[in-house]
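Below: one structure, written as structure tokens.
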Amino acid sequence: MGTMQHYRLPEPVAALLRGEEVRPGRVRCACGREHEVAMRRLVNRPGALEELPAVLERLGAGAAWVIADEHTDRAAGERVRSILGRAGIRLTASVLPGDPPPHPNEQALGRLALDIPGRDAAVVAVGSGTITDLARFVASRLEVPLVAVPTAASVDGFTSSVAAMIAGGVRVTYPAAPPAAVVADPEIYAHAPPRLTASGWAELSGKWTALADWALAQALNGEYRCPVAVQMVEEAAAPVRSAWERKEPGGGGSWHAPERVQALMRGLLQVGVAMLMVGNSRPASGAEHHLAHFWEMRDLLEGREPALHGERVGVGTLMVQRLYRALLETGPAAWPSPALPSREQHEARVARYFGRLAGPLLAEQRSWADGPWRLFGRDSEEIARRRAHVVSRWDDAVAAVRPFLAPPEALEAFLRSAGAPASWEELGLASGVVTDSLRAAREVRSRYTVLHLAGELGVL
Ligand SMILES: NC(=O)C1=CN([C@@H]2O[C@H](COP(=O)(O)OP(=O)(O)OC[C@H]3O[C@@H](n4cnc5c(N)ncnc54)[C@H](OP(=O)(O)O)[C@@H]3O)[C@@H](O)[C@H]2O)C=CC1
Ligand SMILES: O=C(CO)COP(=O)(O)O
């Protein structure tokens with residue numbers, strides 16, 4: 001594992017992960033900070049659905065607004081309604097059309113708005129990433145509790161405090177309340193279409209590059225990093241590590257066996273709790289996600305249906321692992337001198353890569369606090385100072401990221417054995433889009449990653 005010391009989890013976090021009910025609130029952490037853990041209950045076991053009435057009762061909800069789509073309604077929504085109905089809970093049901101699948105956009109929100117019930121109803125999201133984000137958004141705006149019932153182990157966003165929506169065709173992340181409870185039943189999600197489970201394994205593989213980027217940012221920039229959250233993510237993503245270390249990554253369909261899928265869900269939920277603790281997605285999202293976001297934005301811009309979130313993250317992870325290997329093999333002294341653009345050149349560059357998304361993106365960038373991610377508008381003195389700093393910190397940075405790096409070949413074998421795509425061709429991407437993403441994906445977030453390092457050293 002990456003960290004040598006073993007940290008005790010704050011007790012409420014440990015209790016939450018054991019499936020016990022906790023009181024939402026602030027917890028003291030071994031990192032020296034207090035974290036907000038705004039969840040009451042996380043259940044992940046066979047038969048968990050039967051606990052739904054008790055979960056709603058503890059939330060003081062006498063009614064439930066069940067949100068699903070036609071697919072997830074068949075998978076679990078009908079059963080959820082039957083369990084809640086038998087317990088005497090008043091029900092409102094919104095079942096969105098399943099084909100084409102819903103997107104987290106104005107159309108789906110408008111459809112849900114027609115069904116809004118009274119304020120005593122908790123929202124019960126029965127679906128995977130898209131339905132959960134839609135439900136999170138409406139529950140948050142209505143200020144009613146959300147209970148998430150995942151129907152696939154496909155993403156780590158079930159416990160998230162943001163809703164990744166599409167507004168005007170553009171991905172916009174809105175702050176939103178995390179669910180009061182997650183009720184995950186392997187009897188449901190372990191039978192999801194295999195493509196979704198494979199996507200979940202690929203999502204989990206990305207935690208290692210996310211952790212590498214966090215370690216890099218701490219070593220080079222002194223960024224805050226919670227070692228307890230790091231440990232939680234390492235533990236969650238350990239099955240991926242054992243796969244690449246044994247060099248016999250699962251084989252056959254075993255990554256889809258119900259007990260493995262339950263472990264996958266446990267990992268994804270644990271990563272989600274680590275994000276909640278830290279208050280943002282730094283523990284779970286680095287350059288691999290930025291590449292994945294860039295590809296999705298391009299696809300949406302050009303009217304194509306993007307590959308699944310986890311599928312894109314898996315391919316992004318492989319590329320980032322390769323990039324790390326290449327950078328570590330050479331070392332900073334060997335790289336070309338950077339010629340960073342002026343602010344005007346930067347804006348022209350963003351316009352070239354992001355088309356009609358450039359305006360909103362540049363506006364968002366202007367709202368970011370300044371930081372080492374800013375690879376434009378630095379004068380020559382600043383550039384030279386920064387380069388000297390990177391060179392002086394290089395050995396520490398290498399030592400910090402190494403524990404999170406995987407041999408790309410073994411990781412590729414893992415993705416393939418889990419049934420996930422392992423190349424950009426399989427995602428349907430054109431080579432030009434991949435090249436653009438390596439140069440421009442870093443623009444989508446203010447978070448420093450290896451793509452910024454490559455940019456400031458003049459490699460990308
Ligand atoms: N908020 C956050 O922090 C995060 C949000 N996300 C978001 O999640 C979304 C991606 O989620 P992902 O789960 O990959 O894909 P989707 O939620 O888009 O799911 C793909 C399809 O599979 C269907 N489905 C799910 N479970 C079953 C089942 N058991 N049986 C049959 N069909 C099923 C889905 O229905 P349905 O639409 O009902 O789910 C949907 O039609 C993206 O919008 C992404 O931005 C991703 C990571 C973090
Ligand atoms: O998808 C996420 C974690 O898996 C969150 O990513 P971002 O916060 O970078 O959008």
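In each ligand, atom 1 is the first atom listed, and ligand 1 is the first ligand listed.
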Closest candidate by heavy atom, reference atom 33 (C) of ligand 1, pool V271, L196, L96, D99: L196
Parallel, tilted or perpendicular: rings of F376 and H346 (30°, 60°): parallel
Contacting atoms of ligand 1, where contact means under 4.0 angstrom from a heavy atom of V162: 1 (N), 2 (C), 3 (O)
Under 3.5 Å side-chain donor-acceptor pair for R136 and S160: no
Donor on one side chain, acceptor on other, T209 and E288, under 3.5 Å: yes
Numbered atoms and elements of ligand 1 in range of P101, under 4.0 angstrom, heavy atoms: 41 (O)
Exceeds 12 heavy-atom contacts within 6.0 angstrom, atom CZ of R23: no
Residue, atom name and distance, where the atom is the protein heavy atom closest to atom 47 (C) of ligand 1: H309 NE2, 3.5 Å
Near-ring test W244/W208, centroid separation under 6.0 angstrom: yes
Residue part near ligand 1, for T151, under 4.0 Å between non-hydrogen atoms: both
Per-atom contacts of ligand 2 with K207, taking only distances under 4.0 Å to non-hydrogen atoms: 4 (O)
Heavy atom of the protein closest to atom 10 (O) of ligand 2 (residue, atom name, distance): R445 NH2, 2.7 Å
Atom 15 (O) of ligand 1: the protein heavy-atom neighbour that sits closest, reported with distance to 0.1 Å: L308 CD2, 3.9 Å
Other residues, nucleotides, ligands: >12 heavy atoms within 6.0 Å of E302 CD: yes
Residue portion contacting ligand 2 (non-hydrogen atoms closer than 4.0 Å) for R282: neither
Test item, P193 contacting ligand 1 (heavy atom, 4.0 angstrom): yes
Nearest-contact summary for atom 14 (O) of ligand 1 - protein heavy atom, Å: V155 CG1, 3.7 Å
Subset of ligand 2 atoms that lie under 4.0 Å from at least one heavy atom of E203: 4 (O)
Test of proximity, D69 against ligand 1: N or O pairs below 3.5 Å: yes
Residue selection (non-hydrogen contact nearest atom 39 (O) of ligand 1) among P100, A307, S128: S128
For H71, the ligand 1 atoms whose distance to one of its heavy atoms is below 4.0 Å: 31 (C), 32 (N), 41 (O)
Shortest protein heavy-atom distance from atom 3 (O) of ligand 1, along with the residue and atom involved: S160 OG, 2.8 Å
Sole residue of V27, L9, L42 in side-chain contact (heavy atoms from CB on, under 4.5 Å) with L16: L42
Ligand 2 to D156 polar contact by distance, N or O atoms, under 3.5 Å: yes
Pick from V313, D133, L268: the one approaching atom 1 (N) of ligand 1 most closely through a non-hydrogen atom: D133
Over 12 foreign heavy atoms within 6.0 Å of CD, E425: yes
Check: Q321 side chain, A406 main-chain N or O, donor-acceptor pair, under 3.5 Å: yes
Contact check, R136 vs ligand 1, heavy-atom distance below 4.0 Å: yes
Proximity flag P102 to ligand 1, non-hydrogen atoms under 4.0 Å: yes
Per-atom contacts, ligand 1 versus A152 - under 4.0 Å to a heavy atom: 26 (N)
Shortest protein contact, atom 43 (O) of ligand 1 (heavy atom only): R171 NH2, 3.0 Å
Distance filter under 4.0 Å to S285 heavy atoms, resulting ligand 2 atoms: 6 (O), 7 (P), 9 (O)
N or O pair under 3.5 Å between T130 and ligand 1: yes
Atoms of ligand 2, numbered as shown, that sit under 4.0 Å from any heavy atom of H293: 6 (O), 7 (P), 9 (O), 10 (O)
Protein contact to atom 11 (O) of ligand 1 [nearest heavy atom, distance to 0.1 Å]: G129 CA, 3.2 Å
Residue pair W255 / T197, side-chain donor-acceptor N/O under 3.5 Å: no
Ligand-side contact atoms (ligand 2) for residue partner H309, heavy atom cut-off under 4.0 Å: 1 (O), 4 (O)
4.5 Å side-chain heavy-atom contact, M277 and V13: yes
Over 12 foreign heavy atoms within 6.0 Å of CZ, R322: yes
Where ligand 1 meets A164 - atom numbers and elements under 4.0 angstrom, heavy-atom basis: 45 (O)
Test of ring centre spacing under 6.0 Å for Y324 and F404: no
R442 and T449: CA distance, side-chain angles, deciding distance, side chain to side chain donor-acceptor pair (under 3.5 Å) verdict: CA-CA 8 Å; R442 62 179 183 246; T449 73; over 6 Å; no
Part of A192 with heavy atoms under 4.0 Å of ligand 1, whether side chain, backbone, both or neither: both
Heavy-atom check, side chain of H309 versus side chain of H289, under 4.5 Å: yes
T173 touching ligand 2 at heavy-atom level, < 4.0 angstrom: no
Top protein contact for atom 38 (O) of ligand 1, by heavy-atom distance: I131 CG1, 2.6 Å
Heavy-atom nearest neighbour in the protein, as seen from atom 48 (C) of ligand 1, with distance rounded to 0.1 Å: G157 CA, 3.6 Å
Donor-acceptor pair between S242 and E245 side chains, under 3.5 angstrom: no
Which segment of S154 sits under 4.0 Å of ligand 1 when only heavy atoms are counted: side chain
Residue R349 excluded, over 12 heavy atoms near CZ under 6.0 Å: yes
Flag side-chain contact, heavy atom, 4.5 Å: L109 against V138: yes
Identity and separation of the nearest protein heavy atom to atom 5 (C) of ligand 2: S281 CB, 3.8 Å
Subset of ligand 1 atoms that lie under 4.0 Å from at least one heavy atom of A75: 28 (C), 29 (N), 30 (N)
Nearest-0.5 Å distance, CG of residue L146 to OG of residue S140: 9.0 Å
Selection from H289, R447, H290 by shortest heavy-atom distance to atom 1 (O) of ligand 2: H289
Exercise: do Y448 and E456 side chains pair donor with acceptor under 3.5 Å: yes
